[in-house]
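Encoded as structure tokens, the structure appears first; notes follow it.
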Amino acid sequence: MKKEIKILIVLFILAFIIRGIFVFSTPVKIWDETVYANLGYNLAHNPLDYSVAYNGWSDYIPSGGDSFYAWPKMGFRAPLLPYLLSVFYFFRLDFLISLFIPLIGALSTTLIFILGKKLFNEKVGLYSAVFLAVLPLHVTYSAKILTDVLFTFFVLLTFISFWKGYEEENKKHKVLFGFFLALTLLSRYTALWIIPIFLIYFLIRDKSLKFLKDKYLWSSIGIFFLTLIPWFIYGFFTYNNPFGGFIHGFKASAYWGGLQSWYFFFNHWGYMFSIIGFIFIAGLIYILYKKEFLKKEIYLLLIWFALFLGMAIYMPHKEDRFILAIAPTIALISGYFIDKIKKYKKIILISIVVVSLLTSAVWFYIDYKNSYTDTNECFLDANKFLGNTEKNSVVITDESPVVYYYTKKETHFYPNPWDYGILKNWIKDDYPNKEVYVLFGSYVIKPATEYEQMKNDLDNDSEKVFVCQRGDAFAYVYKL
């Protein structure tokens with residue numbers, strides 16, 4: 001076995017271990033994680049029901065004024081991750097779900113090695129794999145049940161197939177390119193930002209439209225749409241429009257999550273990418289100085305980076321994880337730049353790895369400190385209690401998907417704004433033969449007056465059946 005392959009295997013194992021450790025940086029799954037896991041759980045029982053209409057829990061789906069693209073439709077969330085998770089639930093392997101994305105993240109280091117080797121050489125591939133393995137943004141989100149790392153994995157597969165197909169003239173990969181691109185889109189709708197990259201690349205490379213004469217390109221396009229047919233059918237029956245899921249996704253992105261400044265990603269550059277982000281900038285300067293942007297493998301990466309980052313900046317709502325798809329370009333260009341260094345290369349590499357791991361350790365420490373709190377511990381204890389209540393129980397809570405994830409009990413949001421009379425009417429009309437519990441605690445975020453009113457109403461007119469009190473933190477379960 002070649003030395004580089006042995007190193008790659010060791011790197012994969014270490015990348016998986018690091019990401020596995022980060023799974024334990026927080027005891028409570030965040031909202032979106034539980035949404036994807038709950039969808040997977042429900043799909044394992046009914047693979048044709050991609051909604052929250054009759055499954056005992058709800059996502060918060062603001063309509064933005066459009067009641068059609070709203071609750072209970074879930075097409076605004078890309079379906080691939082929930083369907084993959086449903087396989088774990090179907091075979092009763094759900095205890096492995098928390099390690100699924102860490103595995104995907106670790107496998108991505110292998111894919112970037114392959115892509116780096118194809119674009120440049122084996123050493124660049126290896127350096128790039130090392131950088132992705134320790135990149136703080138990728139490490140942190142590889143530990144969460146979210147779409148971003150899975151999306152990046154399929155982005156890498158797509159670019160590998162593209163290069164093998166349309167640069168190395170591998171006919172099989174010319175067609176597979178369309179298949180992987182479709183899976184990328186089904187993993188996250190921002191894959192639509194990826195598609196123009198290949199068109200721009202063809203135009204720059206060929207300086208003409210002759211690439212349109214490639215029959216395998218049209219076969220690839222056909223495979224792309226063929227792969228999407230199940231989702232088009234879902235869109236037609238759910239939204240009366242085959243593109244309904246995509247439309248819902250882009251409508252939601254326009255009003256969901258608030259507005260962040262255009263320079264949001266630059267403000268967070270250092271902690272997202274650590275020293276590797278600055279090595280990347282040095283690599284860009286080198287490429288410009290040496291005019292290496294004229295090389296097709298370089299301008300492919302530059303188009304990828306610039307277009308995707310530009311679109312992410314343009315979108316009103318921004319989160320650090322939204323630009324994970326440019327992480328491979330940062331790792332690859334950094335690896336390319338390091339390969340050009342003649343002296344002290346090992347010392348530089350070791351220093352980059354150490355600094356990046358320290359940055360990741362800071363992420364871990366912050367997450368751990370903010371998550372392992374008395375409030376969260378009480379919240380989890382209350383969920384354990386609710387999980388052991390009657391099978392037909394209903395839990396009233398403001399954390400519907402999270403509580404459903406931990407208890408698998410039917411949930412309902414609090415009346416908003418709080419009104420105890422409305423709650424009593426709900427129970428009378430909708431749950432006459434069920435045991436109804438209300439979960440309340442210091443984790444609840446409400447205006448002070450409303451918060452006190454909730455507590456007083458529940459204390460005065462309900463039976464408190466569970467108490468967790470740790471200092472100022474608490475969680476109570478009331479039975480109505």
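Numbering starts at 1 and runs along the sequence shown.
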Closest approach of Arg19 and Ala106, non-hydrogen atoms and distance?
CD-N, 3.9 Å
Examine distances only and state if a side-chain atom of Ser356 and a backbone atom of Val353 form a donor-acceptor pair shorter than 3.5 Å.
no
Would you say NZ of Lys384 has more than 12 non-hydrogen atoms from neighbouring residues, nucleotides or ligands within 6.0 angstrom?
no
Within 6.0 angstrom of Phe95 CZ, more than 12 heavy atoms from elsewhere
yes
Could you walk me through whether Leu119 and Leu115 pass the side-chain contact (heavy atoms from CB on, under 4.5 Å) test, one step at a time?
CA-CA 6 Å; Leu119 295 177; Leu115 183 58; 3.9 Å; yes
In terms of heavy-atom contacts, Pro328 and Leu156 come closest through CB-CD2, 3.7 Å
Would you mind reporting whether Glu297 and Val124 have side-chain heavy atoms less than 4.5 Å apart?
no
Are Asp59 and Arg77 close enough that some pair of their side-chain heavy atoms sits under 4.5 Å apart?
yes
From Ile338 atom CD1 to Tyr127 atom OH, the distance as rounded to the nearest 0.5 Å:
8.5 Å
Out of Trp163, Phe154, Phe198, which residue meets the ring pair (Phe, Tyr, Trp, His ring centres under 6.0 Å) rule with Phe177?
Phe198
Closest non-hydrogen atom pair between Ala473 and Cys378, with its separation
O-SG, 4.4 Å
Please examine the side chains of Thr238 and Tyr50, heavy atoms only from C-beta on, and report whether any two atoms are closer than 4.5 Å.
no
So, do Phe440 and Tyr476 have ring centers that fall under 6.0 Å from each other?
no
Can you check side-chain contact (heavy atoms from CB on, under 4.5 Å) on Met315 and Phe322, steps first, answer last?
CA-CA 10 Å; Met315 298 301 291; Phe322 289 180; over 6 Å; no
Taking everything shown except Trp31 itself, do over 12 heavy atoms lie less than 6.0 Å from its CH2?
yes
Are Phe179 and Phe224 near enough that their ring centres are under 6.0 Å apart?
no
Residue pairs, two or more places apart or on separate chains, that pass salt bridge (Lys or Arg N to Asp or Glu O under 4.0 Å) and touch residues 102-122
Lys2-Glu122, Lys117-Glu122, Lys118-Glu168
Which distance, rounded to the nearest 0.5 Å, do you find between the CD1 of Ile287 and the CZ of Phe337?
9.5 Å
Within the side chain of Thr359, is there an N or O that forms a donor-acceptor pair under 3.5 Å with the backbone of Tyr271?
no
Mind telling me whether Tyr189 and Trp231 have parallel, tilted or perpendicular rings, with 30° and 60° as the class edges?
tilted
Polar side-chain atom of Ser220 near backbone of Gly178 as donor-acceptor pair, under 3.5 Å:
yes
Any donor-acceptor N/O pair, Ser400 side chain to Ser58 backbone, under 3.5 Å:
yes
Determine yes or no for a side-chain-to-main-chain donor-acceptor pair under 3.5 angstrom, with Thr411 supplying the side chain and Gly56 the backbone.
yes
How long is the gap from CG on Leu132 to CG on Leu137, to the nearest 0.5 Å?
10.0 Å
Check this for me: Ile445, atom CD1, are more than 12 non-hydrogen atoms of other residues, nucleotides or ligands nearer than 6.0 Å?
no
Could you check whether Glu167 and Tyr201, counting side-chain N and O atoms only, form a donor-acceptor pair closer than 3.5 Å?
yes
Does the structure place the NZ or CZ of Lys408 under 6.0 Å from the centre of the six-membered ring of Tyr404, at an angle of no more than 45° from the ring's axis?
yes
Quiz item: cation-pi between Lys73 and Phe68, 6.0 Å / 45°
yes
Taking atom OH of Tyr372 as the centre, does the number of heavy atoms from other residues, nucleotides or ligands within less than 6.0 Å exceed 12?
yes
Determine whether the side chains of Asp320 and Tyr141 contain a donor N or O and an acceptor N or O closer than 3.5 Å.
yes
Give a yes or no on this: more than 12 heavy atoms of other residues, nucleotides or ligands lie within 6.0 Å of atom CZ of Phe225.
no
Determine whether a donor-acceptor pair (N or O, by modelled atom type, separation under 3.5 Å) exists between the side chain of Ser161 and the backbone of Thr158.
no
Close side-chain approach of Met272 and Ile323, heavy atoms under 4.5 Å:
yes
Ignoring hydrogens and angles, tell me if any N or O in the side chain of Glu450 forms a donor-acceptor pair with the backbone of Pro447 under 3.5 Å.
no
Would you say the side chains of Lys29 and Ser98 form a donor-acceptor pair under 3.5 Å?
yes
Determine, step by step, whether Phe159 and Leu300 satisfy the side-chain contact (heavy atoms from CB on, under 4.5 Å) criterion, reporting the C-alpha distance in whole Å, the side-chain angles of both residues, the deciding distance to 0.1 Å, and the verdict.
CA-CA 10 Å; Phe159 274 89; Leu300 175 63; 3.9 Å; yes
Looking at CG of Leu11 and OG1 of Thr109, how far apart are the two atoms once the value is rounded to the nearest 0.5 Å?
5.0 Å
With sequence neighbours left out, write down each residue that passes salt bridge (charged side-chain N to carboxylate O under 4.0 Å, His left out) with Lys295, or none if nothing qualifies.
Glu292
Test your reading of the model: is there a side-chain donor-acceptor pair from Ser108 to the backbone of Ile104, 3.5 Å cut-off?
yes
Test your reading of the model: is there a side-chain donor-acceptor pair from Lys369 to the backbone of Tyr365, 3.5 Å cut-off?
no
Could you tell me whether the side chain of Thr190 reaches within less than 4.5 Å of the side chain of Phe308, counting heavy atoms only?
yes
Taking the six-membered ring for Trp and the full ring for Phe, Tyr or His, determine whether the centres of Tyr166 and Phe202 are under 6.0 Å apart.
yes
Show your reasoning for whether side-chain contact (heavy atoms from CB on, under 4.5 Å) applies to Trp57 and Val35.
CA-CA 9 Å; Trp57 65 281; Val35 168; 4.1 Å; yes
Quick check on side chain to side chain contact (heavy atoms under 4.5 Å, CB included): which of Asp148, Val149, Leu150 does Leu146 satisfy it with?
Asp148
Please tabulate, for the side chains in residues 276-286, all donor-acceptor contacts under 3.5 angstrom to protein atoms that are two or more places apart in sequence or on a different chain.
none

More than 12 heavy atoms of other groups within 6.0 Å of Phe413 CZ
yes
Please report the shortest heavy-atom distance between Leu43 and Ser86, naming the atom on each side.
CB-CB, 3.8 Å
Reference residue Phe100; test ring pair (Phe, Tyr, Trp, His ring centres under 6.0 Å); the match among Phe16, Phe88, Phe153, Tyr36:
Phe88
Does some side-chain heavy atom of Ile348 sit less than 4.5 Å from a side-chain heavy atom of Lys345?
no
Short question: side chain of Lys318, backbone of Gln260 - any donor-acceptor pair under 3.5 Å?
yes
Geometric class of the Phe364/Phe22 ring pair [parallel <30°, tilted 30-60°, perpendicular >60°]:
perpendicular
The reported gap from CG in Leu135 to CG in Leu357 (rounded to nearest 0.5 angstrom) is 11.0 Å
Answer yes or no: is there a side-chain heavy-atom contact under 4.5 Å between Leu96 and Leu103?
no
Which distance, rounded to the nearest 0.5 Å, do you find between the CG of Asn376 and the CG of Asp381?
11.0 Å
Indicate the ring-plane relationship of Trp269 and Phe266, choosing parallel, tilted or perpendicular according to the 30° and 60° boundaries.
parallel
Evaluate the side-chain proximity of Phe379 to Val402: yes if any heavy-atom separation is below 4.5 Å, no if none is.
yes
